[in-house]
Enquirer: 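My questions all concern the structure below.
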Amino acid sequence: MKNIEEEIAKTLESIEKIQPVASNPFLYTKIKHRMNELSRPTISWMTYAKLAICMLIIGFNIVTLGKIYLNNQHSDMSKEEFGAYLGITTTQNLYEP
């Protein structure tokens with residue numbers, strides 16, 4: 001019984017001697033730095049991938065429109081000339097009255 005009372009007394013004495021832990025003097029600076037890092041916008045690799053895909057699509061569109069424009073400059077054939085070019089000749093005009 002005496003042994004238990006001694007252990008209880010030691011435990012109570014150790015609780016009374018507990019002191020608050022001193023904080024790190026740079027804690028406020030660390031917290032402020034992390035908050036600044038979180039507020040800074042970051043660009044992920046996915047954003048770069050989306051931008052690259054958009055640029056490729058725009059490039060393909062420019063090339064396609066350029067080819068269409070060049071083909072339109074050389075397409076001043078009449079219907080008969082176009083038919084002769086393809087090897088299609090008719091003696092009747094079926095589509096016009």
Side-chain angles (χ1 to χ4, degrees):
M1 190 77 164
K2 186 176 181 183
N3 193 13
I4 295 174
E5 289 177 7
E6 286 177 8
E7 290 296 323
I8 293 173
K10 285 181 186 178
T11 305
L12 290 175
E13 286 176 15
S14 67
I15 291 174
E16 290 174 1
K17 293 179 183 176
I18 293 177
Q19 296 177 355
V21 177
S23 65
N24 186 350
F26 299 108
L27 179 66
Y28 178 73
T29 307
K30 286 181 180 180
I31 292 172
K32 192 167 184 171
H33 177 69
R34 284 187 186 169
M35 289 174 63
N36 287 339
E37 287 293 320
L38 291 175
S39 66
R40 186 180 309 153
T42 57
I43 299 175
S44 68
W45 66 271
M46 190 62 126
T47 305
Y48 287 120
K50 290 177 184 177
L51 182 62
I53 290 171
C54 288
M55 295 302 284
L56 284 172
I57 290 172
I58 290 171
F60 286 135
N61 284 335
I62 290 172
V63 169
T64 303
L65 290 174
K67 292 202 179 255
I68 289 172
Y69 177 73
L70 289 175
N71 285 340
N72 283 341
Q73 286 182 347
H74 300 293
S75 65
D76 293 337
M77 288 188 208
S78 66
K79 293 178 190 176
E80 291 79 20
E81 290 174 343
F82 186 66
Y85 174 74
L86 294 177
I88 303 171
T89 57
T90 59
T91 54
Q92 297 177 355
N93 193 352
L94 302 175
Y95 299 108
E96 292 181 8

Enquirer: Enter the distance from L38:CG to H33:NE2 here, rounded to the nearest 0.5 Å.
Expert: 10.0 Å
Enquirer: Please output the side-chain donor-acceptor pairs of residues 52-64 that fall under 3.5 Å, not counting sequence neighbours, one pair per line with the distance.
Expert:
| from | atom 1 | to | atom 2 | distance (Å) |
| --- | --- | --- | --- | --- |
| N61 | ND2 | I57 | O | 3.4 |
| T64 | OG1 | F60 | O | 2.8 |

Enquirer: Taking side chain as C-beta onward, heavy atoms only, is E7 less than 4.5 Å from K10?
Expert: yes
